[in-house]
Amino acid sequence: MIDLRLIREQPDLVRASQRARGEDESLVDALVAADELRRASGVHFDTLRAEQKVVGKDVARATGDEKAALLAKAKDLATQVREAETASAQASAQAEELLLALSNVVNPAAPVGGEADFVVLRQVGTPRDFTQEGFTPRDHVELGQLLGAIDVERGAKVSGSRFYYLTGVGALLEFALVQMAMEQAVAAGFQPMIPPALVKPAAMQGTGFLGQAAENVYRLEADDLYLVGTAEVPLAAYHMDEILDAASLPLRYAGFSPSFRREAGSHGKDTRGIWRVHWFDKVEMFSYCPPEEAAAEHARLLAWEQEFLGKLELPYRVIDVATGDLGSSATRKFDCEAWIPTQGGYKEVTSTSNCSEFQSRRLSIRMREGDKIRPLATLNGTLCAVTRIIVALLENHQQADGSVRVPQALQHHLGGREVLLPI
RNA sequence: GGAGGAUUCGCAUAGUGGCCGAGUGCGCACGCUUGGAAAGCGUGUAAGGGGCAACCCUUCGCGGGUUCAAAUCCCGCAUCCUCCGCCA
């Protein structure tokens with residue numbers, strides 16, 4: 001959630017942000033009105049309650065007729081207090097609901113527009129020219145079959161569409177990638193974490209996934225729990241309701257977890273293979289830092305993502321995602337898109353978002369600096385989304401005979417294999 | 001799943017209807033003391049909302065209820081601990 005004071009004092013700024021996102025501007029005015037009502041009804045309740053306390057103490061001291069008279073007054077007050085309390089609670093709940101519905105204010109540096117209005121920040125590496133090399137590249141499904149690494153048919157048989165098995169060297173490849181990602185993260189000072197993949201509503205709500213993104217979240221009705229779509233959720237909620245010592249910041253966690261996504265809005269999109277699936281494993285970076293350091297931390301997260309892709313020798317580009325395509329928590333987002341030969345284009349393999357104080361306000365995570373207590377910033381970034389990296393690796397490093405070259409940095413995590421051979 | 005116990009200000013605890021938003025110890029901060037430190041002594045030390053401020057209000061796991069008045073009584077739920085059962 002954003003700061004109510006910002007909405008009170010600079011509603012135009014928030015309106016402009018909503019417009020840039022393509023979201024409802026009138027929410028801002030509704031919120032301003034709801035906030036006024038909340039404060040007014042709060043003052044009314046406070047006043048009555050203070051009076052009730054005074055009278056209550058008088059009752060305890062009084063005797064005889066005086067006590068009877070005071071008791072009558074107190075009873076009358078009690079009714080009024082109850083009514084005022086209900087009204088105040090309702091007004092607060094109303095304001096809270098609107099506040100939770102409002103997305104974070106976008107960073108002015110983010111390009112304004114829809115999904116296609118991103119800005120390419122840089123391009124790294126050069127896509128291979130398979131025509132010049134004299135063969136037609138196979139896609140990851142075909143390569144996965146040749147190598148005995150991916151079984152999508154049986155994934156569908158057992159669990160339905162968008163499920164898969166990683167088999168043989170495919171399974172080993174996941175372990176190798178995860179190990180490599182964790183090693184890098186630890187070297188950079190991250191604390192490795194294996195968080196729960198099922199979380200309570202407060203964690204999901206607090207990270208901002210129950211807004212427009214709600215339709216993509218799996219919910220376990222019987223237990224009122226959610227399956228996380230990213231380790232970002234349990235890593236953010238880890239410090240829920242805590243006040244962190246400013247001297248301990250930044251706190252950096254690298255979480256390994258399964259990621260579950262309903263893919264509700266993407267029927268018919270990327271249906272082949274394991275590019276877009278309902279479940280995959282992922283190593284996610286997560287930072288807590290002072291708000292004024294968030295932009296620098298964001299740049300660092302991006303640099304770590306690039307370091308990882310570099311070690312995998314993948315050609316990719318970095319884009320500054322447009323305002324209309326930001327998650328509700330993010331003020332700014334950078335995606336790394338790897339070149340996917342059989343798609344003839346760059347496609348998202350990592351994503352890093354600066355959520356400023358949006359999540360920490362919702363989750364009630366603050367920092368103590370001397371005698372000052374204030375919200376802090378949270379940021380997240382993908383280090384390794386296993387299935388997408390596997391797709392990129394197989395397709396980019398394939399050879400004419402269907403074998404796949406293993407990038408040097410990954411070799412020792414795969415028992416020294418320099419190449420994956422068809423079975 | 002069954003039985004019992006617990007949940008209070010960073011930690012440990014006191015508190016069984018009004019003098020309790022709440023005492024004590026530890027920790028922490030500042031001051032005194034000291035050549036310096038420790039010890040000792042003194043003062044302060046939860047969060048949130050409203051207000052220029054004085055100050056007021058909310059919160060004693062969460063949600064209801066009883067009462068003029070609830071940390072305290074009643075009901076429901078959650079979490080943790082112990083024992084039993086089952087189990088990767």
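Only heavy atoms go into these numbers, but all of them, side chains included; no hydrogens, no water, no symmetry mates. Lettering follows sequence order; numbering is per chain, from 1.
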Interatomic distance at P, rG17(B) relative to rG64(B), whole Å: 25 Å
Atom P, compared across rC80(B) and rU8(B): separation rounded to whole Å: 15 Å
Atom P, compared across rG44(B) and rG25(B): separation rounded to whole Å: 13 Å
Euclidean distance for C1', rU58(B) against rC77(B) (whole angstrom): 23 Å
Donor-acceptor under 3.5 Å (T167(A) side chain, D151(A) main chain): no
Short side-chain N/O contact to rC19(B) OP1/OP2 from K53(A), under 4.0 Å: no
Ion pair E284(A)/K282(A), N-O distance below 4.0 Å: yes
Whole-Å gap separating P (rA69(B)) and CD (E51(A)): 14 Å
Partner nucleotide of rU72(B) by Watson-Crick or wobble geometry (both distances under 3.5 Å): none
rU7(B): pairing nucleotide in any strand, Watson-Crick or G-U under 3.5 angstrom: rA78(B)
Side-chain N,O (R368(A)) to OP1/OP2 (rG10(B)) below 4.0 Å: no
Rounded interatomic separation in angstrom, taking CD from E369(A) and P from rA29(B): 17 Å
rG1(B) to rU13(B) separation - P atoms, rounded to the nearest Å: 29 Å
E51(A) and L77(A), any side-chain heavy atoms less than 4.5 Å apart: yes
Nucleotide opposite rC41(B) in a Watson-Crick or G-U pair, distances under 3.5 Å: rG31(B)
Residue L198(A) excluded, over 12 heavy atoms near CG under 6.0 Å: yes
Between E83(A) and T86(A): side-chain donor-acceptor atoms closer than 3.5 Å: no
Pairing partner of rC83(B) (Watson-Crick or G-U wobble, both distances under 3.5 Å): rG2(B)
C1' gap between rG61(B) and rA78(B), integer Å: 8 Å
For rU67(B), the Watson-Crick or wobble partner whose two distances fall under 3.5 Å: none
Near-ring test F260(A)/H278(A), centroid separation under 6.0 angstrom: no
Heavy-atom protein contacts under 4.0 Å, nucleotides 48-55 of chain B, coded B base, S sugar-phosphate only, - none: SBSS----
Spacing between K200(A) atom NZ and rU79(B) atom P, to the nearest angstrom: 7 Å
For rG36(B), the Watson-Crick or wobble partner whose two distances fall under 3.5 Å: none
Pair assignment for rA53(B), Watson-Crick or G-U wobble, requiring both distances under 3.5 Å: none
Earlier contact from the 5' end, RNA chain B, for E85(A) and A74(A): E85(A)
Nucleotide rA78(B), atom P - distance to CG of D241(A) in whole Å: 19 Å
Length of the line joining R49(A):CZ and rC68(B):P, which is rounded to integer Å: 14 Å
Ring center gap for Y218(A) and Y226(A) short of 6.0 angstrom: no
Whole-Å P distance, rG65(B) and rA54(B): 35 Å
side-chain N/O Q52(A) vs rA69(B) OP1/OP2, d < 4.0 Å: yes
Pairing partner of rC60(B) (Watson-Crick or G-U wobble, both distances under 3.5 Å): none
Atom C1', compared across rA22(B) and rG15(B): separation rounded to whole Å: 8 Å
Identified side chain to side chain donor-acceptor pair (under 3.5 Å) partner of Y316(A) from the options Q306(A), E305(A), E337(A): Q306(A)
Between rA47(B) (P) and E242(A) (CD): distance, integer Å: 15 Å
d(CE, M367(A); C1', rA47(B)) in whole Å: 17 Å
Sugar-phosphate, base or nothing in reach of K73(A), heavy atoms under 4.0 Å: nothing
Distance flag, aromatic centroids of Y165(A) and F163(A), threshold under 6.0 Å: no
Whole-Å gap separating P (rC57(B)) and CG (L48(A)): 12 Å
